[in-house]
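Beneath this line is the structure, given in structure tokens, with notes to follow.
All heavy atoms count here, side chains included; hydrogens, waters and symmetry mates do not. Each chain gets a letter, A, B and so on, in the order the sequences are listed, and its residues count up from 1.
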Amino acid sequence: MLRVYNTLARKKEEFKTLEPNLVKMYVCGVTVYSDAHIGHAMFALVFDIVRRYLTYRGYDVRLVINYTDVDDKIINRANSLGVDASELAEKYINEFRRQIEVLNILPATVNPRATQEMPQIIRMIDGLIEKGFAYPAKNGDVYFRVTKDPDYGKLSGRRIEDMQAGARNEVGEEKEHPMDFALWKASKTGEPAWDSPWGQGRPGWHIECSAMNLSHLGEQIDIHGGGNDLVFPHHENEIAQTESYTGKPFARYWMHNGMLQLQGEKMSKSIGNLVTIDEFLSRHEADALRMMILNGSYRAPLSYSDDIVDAAERGLDRLRSGLKPAQPGATSTSTNVGTELDKQAETTQQTFIDAMDDDFNSSGGLAALFELVRSINTARDAGASNAQLKPAQDTLTELTSVLGLRLHEKKSSGGDADKFIALLVDIRTEMRKEKNWGISDLIRDRLKDLGVAIEDNKDGTTWHW
RNA sequence: GGCGUCGUGGCCAAGCGGCAAGGCAAGGGUCUGCAAAACCCUCAUCACGGGUUCAAAUCCCGUCGACGCCUCCA
């Protein structure tokens, strides 16, 4: 039985979908105004793992991830760069798409954008005004009336009275209540603007997600996800808008991933303590980032450091070791090594599912895989043949791919260099036959400096990058 | 100040009432010409103080500490 931690309930709950075998899932994406950092990759990876696992468990997953392509920061950045806001957004959307692909994150079913949903957004705001949940102000803004929503604050566990002290009321805003938030913002001259019944303007941040949910998934969805920094106010406001509009409970499960931290603080654009996705990928393989996340809990904060990346990379090497072929010349001589291994593979699969069923406990799932790796390696050492190893290795491959790991040979792209390395290895083999250890070791050491590892086995030498 | 999450070996981390998973690192061993890889062995009573219970890392209360949110934020 799959159980999911629901922020709304503050506990794990049995996972039941609205419709059999279909999961309607919405995840808040990024605001595209500058280079994405690995914290953004984290949310995408977390929900990719969730999505892959749900698929593995037999669900059809309809996943919607939006791009916020119009807001103050985009406009400001575009102005300071002297470019068009929509061009800027377009650029970063394309970059993020590319990065998502490199990170082996499956594409969402739909990636809606705020600017392409204007009719729906306006219709929704209009409906909220009609029902008395929103009001247009004199300056052309439209605000949501929080006092009209009896359970406002239920997701973040806040009460309106407690929050008033910190509420911000900017100059020029004409709110009835300090906690009211903007559904529509009147545009100043030179800003991107759309026509609306309340004049030229653009949507507030929260309403776009509500509107996209409505148009792409319907009034009620199964899972709504995002970073835990979005719980308040973003998700709180989304609930308020959508439920006030439809009169129905919005998302069944609210899932939030923890923040990626650097030097003890949340990695964020505003603090400036960030590592961009491209920077990370220039130095590490894509799977390393995923591995870091899998090793922990998606809900807990993750501290980024070289040690963590290192451990993740070694862990990947270890998983890969299970996929190595049988010893050269091994024929299935061993008696019941094969059946023992098959049994272990079955156990592993069950343990893996049990762990992942418990709110996507990936570190538990990983532990099961490491045990399978050990069993495979032990069997190989005992002389198992490729045919005997295969079923267990297939299981390993299947389950790692459920987690989205590819276990590729590291930088296999030596290109032309590969041929020459093979040549050196051949020469070294001859040297070794003549017990010329000096030259043999020199070749091995020099290749190691170049990033090529050599391993001598009973019946030959293998190498890899 | 308010709301919330959390504090497990050198590091990361699972566990959610019944003798503390797993990975990395470290030490010892097998294998090897030497290595590497692989395999075997070793390595914690769970922030602190009370309480509940036959039994607590796991439940309750308190203290200390960390982080997130309360303003744009994955």
Side-chain angles (χ1 to χ4, degrees), chain A residues 7 10-12 27-31 33 36-47 65 68 71-73 76 153 155-159 161-168 170 179 205 225-234 236 256-261 264-271 291-292 294-297 299-303 305 307-308 310-319 321-322 324 327 351 355 358 361-371 373-374 376-382 432 435-437 440-441 444-445 448 453-458 461-464:
Chain A
T7 306
R10 308 213 175 279
K11 62 181 182 198
K12 291 177 192 171
V27 177
C28 288
V30 287
T31 301
Y33 71 101
H37 59 71
I38 53 180
H40 299 121
M42 181 168 173
F43 96 84
L45 284 163
V46 163
F47 290 102
I65 303 180
T68 297
D71 93 330
D72 292 352
K73 279 176 303 197
N76 291 340
L155 179 69
S156 54
R158 291 151 208 257
R159 295 180 309 158
E161 310 86 76
D162 293 338
M163 292 186 284
Q164 292 193 35
R168 187 170 68 169
E170 284 180 2
M179 291 308 297
W205 177 36
N228 68 11
D229 54 347
L230 299 183
V231 173
F232 189 89
H234 187 55
E236 193 70 72
H256 294 97
N257 64 278
M259 293 294 103
L260 189 67
Q261 296 177 213
E265 269 185 310
K266 179 172 88 163
M267 185 176 288
S268 82
K269 292 177 184 175
S270 38
I271 300 174
M291 191 67 178
M292 283 165 47
L294 289 169
N295 185 46
S297 156
R299 286 192 282 131
L302 176 62
S303 292
S305 71
D307 287 350
I308 295 294
D310 231 50
E313 289 181 321
R314 309 278 180 117
L316 286 171
D317 283 343
R318 176 143 185 83
L319 287 177
S321 76
K324 290 180 181 170
Q327 293 175 341
T351 310
D358 182 14
N361 178 353
S362 53
S363 67
L366 224 39
L369 299 186
F370 281 119
E371 269 164 39
V373 166
R374 187 169 45 237
I376 293 171
N377 289 340
T378 301
R380 185 193 302 104
D381 281 1
R432 291 184 70 225
K435 299 196 189 301
N436 189 337
W437 310 127
S440 305
D441 292 352
R444 185 173 63 197
D445 292 346
K448 189 183 178 192
I454 284 192
E455 292 167 18
D456 297 324
N457 300 299
K458 280 197 178 62
T461 298
T462 57
W463 68 272
H464 62 85

Table of protein N/O atoms under 3.5 Å from nucleotides 30-33 of chain B N/O atoms:
from, atom 1, to, atom 2, distance (Å)
B/G33, N7, A/Arg432, NH2, 3.4
B/G33, O6, A/Arg432, NE, 3.2
B/G33, N1, A/Asp441, OD1, 3.0
B/G33, N2, A/Asp441, OD2, 2.7

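- With sequence neighbours left out, the salt bridge (Lys or Arg N to Asp or Glu O under 4.0 Å) criterion links A/Glu265 to no other residue.
- Residues passing the side-chain contact (heavy atoms from CB on, under 4.5 Å) test with A/Ile454 are A/Val425, A/Arg428, A/Arg444, A/Leu447, A/Asp456, A/Thr461, A/Trp463, sequence neighbours excluded.
- In terms of the side chain to side chain donor-acceptor pair (under 3.5 Å) criterion, A/Thr378 has no residue partners (sequence neighbours excluded).
- Listed nucleotides: B/A74, B/C3, B/A37. Nearest to the side chain of A/Arg158: B/C3.
- Judged as a side-chain contact (heavy atoms from CB on, under 4.5 Å), and not counting sequence neighbours, A/Ala367 has no contacts.
- A/Arg299 pairs by the salt bridge (Lys or Arg N to Asp or Glu O under 4.0 Å) definition with A/Asp359, not counting sequence neighbours.
- Residues meeting the side-chain contact (heavy atoms from CB on, under 4.5 Å) test with A/Asp358, sequence neighbours left out: A/Arg3, A/Lys12.
- Every residue was checked against the side chain to side chain donor-acceptor pair (under 3.5 Å) condition with A/Asp71, not counting sequence neighbours, and none meets it.
- Shown here are the side-chain contact (heavy atoms from CB on, under 4.5 Å) partners of A/Asp381, two or more places apart in sequence or in another chain: A/Gln327.
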Close N or O pairs between protein and nucleotides 18-22 of chain B (under 3.5 Å):
from, atom 1, to, atom 2, distance (Å)
B/G22, N2, A/Asn295, OD1, 3.2

Report each atom pair, protein N/O against N/O of nucleotides 64-67 of chain B, whose distance is under 3.5 angstrom.
from, atom 1, to, atom 2, distance (Å)
B/C67, O2', A/Gln261, OE1, 3.2

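- Taking A/Thr462 as the reference, nothing meets the side chain to side chain donor-acceptor pair (under 3.5 Å) condition, with sequence neighbours excluded.
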